[in-house]
J.: 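The structure is given below, and queries will be raised subsequently.
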Amino acid sequence: MSKQTLSFQAEVKQILHLVTHSLYSNKEIFLRELISNASDACDKLRFEALNKAELFEDAPNLEVRVAFDAEAKTITITDNGIGLSEPEAVANLGTIAKSGTREFMAALEGEQKKDAQLIGQFGVGFYSGFIVADRITVESRRAGLAPEEGVRWSSEGTGDFEVETITRPERGTSVTLHLRDGEEEFLSGWKLRSVIGKYSDHISLPILMRKEEWDAEAGKQRLTDEWTPVNKAAALWARNKSEVTAEEYEEFYKQLSYDTEAPLAYTHNRVEGRSEYTQLLYIPAKAPFDLWNRDKRGGVKLYVKRVFIMDDAEALMPVYLRFVKGVIDSADLPLNVSRELLQESRDVKAIREGSTKRILSMLESLAESEDAAEREKYAKFWADFGVVLKEGVGEDHANQERLAKLLRFASTHGDAGVSLTEYVGRMKDGQEAIYYITADSLAAAKSSPQLEIFRKKGIEVLLLVDRVDEWMLAHLFEFDGKPLQSVAKGAVDLGKLQDEGEKKQAEEAAEAFKPVLERLKEALKDRAKDVRVTTRLVDSPACLVAEEGDISGHLARMLKQAGQDAPKAKPILEVNAEHALVKRLDASAHFDDLANILFDQALLAEGGHLEDPGAYVRRVNALLVG
Ligand code: ADP
Ligand code: MG
């Protein structure tokens, strides 16, 4: 086939423009990206060869070679991995399979220094070569194809690329970067070795470079024909814990996660017993941009006896721990394990349980640490990942109690970091329940009329304002033997917290109020399930509550916003018989208007929407006119 010129996909053009015009810091990561692609290609070959050993041809030792030519101003990265066929070269190097382009652009817009490190995160690492090169040539032959079926791909990184068929006896891929003027610093063995050492030391394949010798006559280093390894070539997780430095763990994390920040915490263990495996798991320091996406690929890679099997093996971690990054290397699973098999495997189940426990212990030791700085780390973690961890309360019944201890809330007694343990520790004498209120925002929660009596009596109420809270509470009924009780549901029964005098006074008021109550019920019969006298209000005339077992107004509104049909349940109107406005009701000539206004205001106070705002305005105006 003769030479063909093809146009890049629009997204690729955008990426290329960014890469060549805006990435200034950490330029050297292009080498990490290209070596990582070479290593992926070797992993893929090893995996495909599990069922097709002939793919190894006569070169079973997988390796990566890095060479440079100072005269031609080129760097070449060669691997003997799976290689690319011509259609694969066109598809994989001309289009972007994943849809991370927009996120990548957005991430860069915020960055002051336009950090090149970000690039790998979005599955476009190959194009980072254009940071330092004004032409890239890729020569490749896919394992299993004839030598005449090789391909040469070449581009200047602007609008288009060329492909042509070539003959290439060796399997695998060579990527040659023709360096831009000004990038000559990379034409040095010392420089390349140091970049490889920094970013790629953990790569489990040998990375080879030509040995250099001092040429006394020429007064400079001379390349020899001997290739020697530059990296340790031992999978980091397979090494002994005591031999791995904190820096190495961190660098490995950065490669794995494409995070630019160091992880919050990590754990590295060899587990023996029913199931034998090595785990190296990291908790990131900050949430990724797509944390919310529950369908997002997981962050844990699966290896079986050092052989890479798959990325994003979601069976290895529960969904609510989808932010965890790391590696699991199993000694028991078969090498040809499929995703379907993983879902059913008992070994995988044991791994998932073991890993979940590890992550929870890491979080517990931060949260409960004696060291304030560690607890501060947990607070930071909670701020970023708390909403996701809450999903676990409903999903992971086996660990529900441990998860409940890790929860943090805002409360009427202060800051955002109140734990249930703390709450229980300062419950009032005679208090039997853990009280909470759900609302759309902290401000709305704080000004709920339902809180008034609790405020007056100094009883702490948790303020729950995350969308998942309602859902979580549908699964968490008690903590430490104390029921969780919404202050906006059912009648308030403060039980022993209310003194006898108060109780008696309330009963008498209710008795005296009975005739008015009947009139109110009649006036509001289409809107309220019931009307009753309450002691929960101090300053407000009325509030709405849901019947025990009905969904709260807050949840009904959330469901509606999400486009779901909420079961229709009329609320109960509770009135404060001691309030001046309520006392005036009986004698009022506008009883019906006042009754409806009372109801509408109670609805507004809890953040609800009036069904007929016009009617509300007319009623208020009628009263104002007198
Ligand atoms: P990613 O590695 O995240 O898939 P890249 O932009 O780094 O994204 O690479 C794009 C694609 O190009 C890879 O998925 C792979 O299919 C192909 N590719 C890149 N380098 C090589 C290589 N050395 N050998 C085989 N295929 C490669
Ligand atoms: Mg890549």
Side-chain angles (χ1 to χ4, degrees), residues 6 8-9 11-16 18-20 23 29-49 55 59 62-67 75-101 103-104 116-131 133 136-145 149-155 157 161 163 168 170-177 199-200 203 205 207-208 254-259 288 290 296-297 299 301 308 310-312 325:
L6 296 167
F8 281 119
Q9 179 198 27
E11 278 90 336
V12 178
K13 284 186 201 164
Q14 285 177 301
I15 291 286
L16 285 168
L18 266 175
V19 161
T20 49
L23 300 180
I29 59 93
F30 74 88
L31 194 54
R32 167 183 88 184
E33 293 301 327
L34 297 178
I35 289 177
S36 136
N37 285 349
S39 160
D40 289 350
C42 292
D43 279 343
K44 283 182 203 155
L45 175 67
R46 209 183 274 136
F47 187 67
E48 280 192 26
L55 288 182
L62 300 175
E63 60 187 28
V64 181
R65 290 173 187 240
V66 178
I75 297 176
T76 301
I77 295 106
T78 305
D79 65 71
N80 57 359
I82 192 74
L84 290 156
S85 66
E86 190 161 326
E88 281 171 335
V90 171
N92 301 347
L93 306 179
T95 55
I96 303 173
K98 295 153 218 147
S99 57
T101 321
E103 285 87 347
F104 177 53
Q117 299 237 36
L118 287 166
I119 199 164
Q121 197 170 343
F122 300 93
V124 292
F126 172 75
Y127 302 107
S128 67
F130 287 108
I131 299 175
I136 299 182
T137 309
V138 178
E139 295 191 346
S140 190
R141 177 177 60 84
R142 201 184 198 286
L145 293 183
E149 294 179 85
V151 59
R152 179 183 295 126
W153 177 103
S154 173
S155 173
F161 59 92
V163 276
R168 180 177 163 92
E170 338 58 278
R171 170 196 75 220
T173 306
S174 278
V175 177
T176 300
L177 307 176
Y199 293 113
S200 307
I203 295 271
L205 295 166
I207 301 172
L208 308 174
K254 288 181 181 172
Q255 307 264 310
L256 203 67
S257 62
Y258 296 112
D259 196 347
D290 55 354
K296 180 182 116 78
R297 319 187 292 168
K301 289 181 196 266
F308 172 77
M310 66 179 82
D311 262 327
D312 65 76
K325 306 276 179 200

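Read the numbers this way: they start at 1 and go in the same order the structure lists the ligands and their atoms.
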J.: Can you figure out which of D79, V138, I96 has its heavy atom closest to atom 23 (N) of ligand 1?
T.: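 Selected option, by shortest heavy-atom distance: D79.
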
J.: Considering only heavy atoms of N92, which atoms of ligand 1 have at least one such atom less than 4.0 Å away?
T.: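 Once the distances to N92 are compared, the set is 10 (C), 11 (C), 12 (O), 16 (O), 17 (C).
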
J.: Return a yes/no value for Y127: is any of its N or O atoms, backbone included, closer than 3.5 angstrom to an N or O of ligand 1?
T.: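 Looking only at distances, the answer is no, because the N/O contact criterion of under 3.5 Å is not met.
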
J.: Parallel, tilted or perpendicular: which describes the rings of W153 and F126, with under 30° parallel and over 60° perpendicular?
T.: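 Aromatic pair W153/F126 classed perpendicular.
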
J.: Purely on distance, is any nitrogen or oxygen of I82 under 3.5 Å from one on ligand 1?
T.: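 In this structure, I82 places no N or O atom under 3.5 Å from an N or O of ligand 1.
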
J.: State the CG-OG1 distance between N37 and T173, to the nearest 0.5 angstrom.
T.: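 Here the rounded value is 9.5 Å.
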
J.: Does the shortest distance from the Mg ion (ligand 2) to an N/O/S atom of S36 fall below 2.8 Å?
T.: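 Within the cut-off used here (under 2.8 Å), S36 places no N, O or S atom near the Mg ion (ligand 2).
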
J.: Which value, rounded to the nearest 0.5 Å, describes the distance between I77 atom CD1 and R65 atom CZ?
T.: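 That separation rounds to 14.0 Å.
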
J.: Under the criterion side-chain contact (heavy atoms from CB on, under 4.5 Å), I'd like the reasoning laid out for L93 against V163: C-alpha separation, chi angles, the key distance, then a yes or no.
T.: CA-CA 11 Å; L93 306 179; V163 276; over 6 Å; no

J.: Does an N or O from G83, backbone or side chain, lie closer than 3.5 Å to an N or O of ligand 1?
T.: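 No: no nitrogen or oxygen of G83 is under 3.5 Å from one in ligand 1.
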
J.: Could you give me the CA-CA distance, side-chain angles and deciding distance for E170 and N80, then say whether side-chain contact (heavy atoms from CB on, under 4.5 Å) is met?
T.: CA-CA 8 Å; E170 338 58 278; N80 57 359; over 6 Å; no

J.: Enumerate the atoms of ligand 1 whose separation from the nearest heavy atom of L93 is less than 4.0 angstrom.
T.: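 Near L93, the atoms of ligand 1 are 12 (O).
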
J.: Would a 4.5 Å heavy-atom cut-off, applied to side chains only, mark V64 and I203 as touching?
T.: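 When only atoms from C-beta onward are counted, I203 and V64 do not touch, as no gap falls below 4.5 Å.
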
J.: Before giving the answer on side-chain contact (heavy atoms from CB on, under 4.5 Å), spell out for I82 and D40 the whole-Å C-alpha distance, their side-chain angles and the decisive distance to 0.1 Å.
T.: CA-CA 9 Å; I82 192 74; D40 289 350; over 6 Å; no

J.: Using a plain distance cutoff, I'd like to know if E33 has any nitrogen or oxygen under 3.5 Å from a nitrogen or oxygen of ligand 1.
T.: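 No - when backbone and side-chain N and O of E33 are compared with those of ligand 1, no distance drops under 3.5 Å.
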
J.: When you look for heavy atoms under 4.0 Å from ligand 1, do you find them on the side chain of I77, its backbone, both, or neither?
T.: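 I77 to ligand 1: no contact under 4.0 Å from either part.
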
J.: Could you see which bit of T173 sits under 4.0 Å from ligand 1, with heavy atoms only: side chain, backbone, both or neither?
T.: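 The part of T173 near ligand 1 is the side chain, not the backbone.
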
J.: Using a 4.0 Å heavy-atom cut-off, say whether V175 meets ligand 1 through its side chain, its backbone, both or neither.
T.: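 Neither; nothing of V175 gets under 4.0 Å from ligand 1.
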
J.: After noting the C-alpha distance and the side-chain angles of S174 and R168, does the key distance pass the side-chain contact (heavy atoms from CB on, under 4.5 Å) rule?
T.: CA-CA 11 Å; S174 278; R168 180 177 163 92; 3.6 Å; yes

